Amino acid sequence: EAGLALAEMIASLTKPTASIVLGGGHSIGIPLAVCADHTFIVESATMTIHPVRSSGTIIGVPQSFYYFERMQERILDFIVGHCKADKEALRALMMNTDEIANDVGSIIDGQQAVQLGMIDEIGGIGPALSYLHSRIQRKRKGTAPQKNTHRTAEAPKKKMETQDDI
């Protein structure tokens, strides 16, 4: 949950932000990748989308699994709230059993991340710095767009499910 908290902090910054995915990003790296105002990924980078997991001891009761399900929904909601990707498409990639040996999930490359709407564009440090410089200049001139205007509208708050609802 600390990684999601970091992504929330970055998303709340009032200064222009950009993120770049280099190499491989997975797990909580995906919310960190999408939390900026504008996102970049190099073509050779990959993003691994997988369900929430734990390497610690888990008590085998329904409440434990319900907790993981709720955490997974919070992460998915954050991701789709900060990019243009479809929630059900991400869930399908997350639950894919055909791609990763001995695991569940999907590995997507830079082009796929852009096509899915997870990342705004292909690019590295140069384009990210250019984006930031242009945002700073527009902000100084008073013509900068509001933060995250290119993102999807925030989903309406829904009733929190309880264990009795399952």
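Please read these numbers as outputs of a predicted model, since none were measured by experiment.
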Checklist entry - With no hydrogens and no angle check, is any side-chain donor or acceptor of T46 less than 3.5 Å from a backbone partner on D109? => result no
Item to check | Transitive ILVMFWY side-chain link I119 to I28, under 4.5 Å | outcome: yes
Checklist entry - Side chain of S106, backbone of N96: donor and acceptor closer than 3.5 Å? => result no
Checklist entry - Mind checking whether V34 and I107 sit in one hydrophobic cluster, side chains of I, L, V, M, F, W, Y counted as touching below 4.5 Å? => result no
Next on the checklist: Let me check something: do L22 and L129 share a hydrophobic cluster, defined by ILVMFWY side-chain heavy atoms less than 4.5 Å apart, either directly or through other members?
Outcome noted: yes
Checklist entry - So, does S64 use its side chain to make a donor-acceptor pair with the main chain of G60 at under 3.5 Å? => result no
Checklist entry - Any side-chain heavy-atom pair from D103 and R53 closer than 4.5 angstrom? => result yes
Item to check | Separation of M118 CE from M47 CE (nearest 0.5 Å) | outcome: 4.0 Å
Checklist entry - Do P31 and H82 have side-chain heavy atoms sitting under 4.5 Å apart? => result no
Next on the checklist: Would you say the ring centers of Y131 and H133 fall short of 6.0 Å from each other?
Outcome noted: no
Item to check | CD1 (I58) with more than 12 external heavy atoms under 6.0 Å | outcome: yes
Checklist entry - Is the backbone N or O of Q111 less than 3.5 Å from a side-chain atom of E43, with the two atoms forming a donor-acceptor pair by type? => result no
Checklist entry - Taking a hydrophobic cluster as the set of Ile, Leu, Val, Met, Phe, Trp and Tyr residues connected by side-chain heavy atoms closer than 4.5 Å, whether directly or through intermediates, do F78 and V52 fall within one such cluster? => result yes
Checklist entry - Yes or no on salt bridge (charged side-chain N to carboxylate O under 4.0 Å, His left out) for E73 and R91, after CA distance, side-chain angles and deciding distance? => result CA-CA 10 Å; E73 282 303 305; R91 188 186 314 277; 2.6 Å; yes
Next on the checklist: Let me check something: do L32 and M9 share a hydrophobic cluster, defined by ILVMFWY side-chain heavy atoms less than 4.5 Å apart, either directly or through other members?
Outcome noted: yes
Item to check | For G123 against I20, the heavy-atom pair lying closest together | outcome: O-CG2, 4.1 Å
Next on the checklist: Could you walk me through whether D77 and R70 satisfy the salt bridge (charged side-chain N to carboxylate O under 4.0 Å, His left out) test, starting with their C-alpha distance in whole Å, then the side-chain angles of each, then the deciding distance to 0.1 Å, before giving a yes or no?
Outcome noted: CA-CA 10 Å; D77 287 342; R70 284 185 16 222; over 6 Å; no
Checklist entry - Heavy-atom distance under 4.5 Å between the side chains of H38 and F40, does that happen here? => result yes
Item to check | Within-4.5 Å side-chain heavy-atom neighbours: P51 and M95 | outcome: yes
Next on the checklist: Any side-chain to backbone donor/acceptor pair from D37 onto T17? Under 3.5 Å, distance only.
Outcome noted: yes
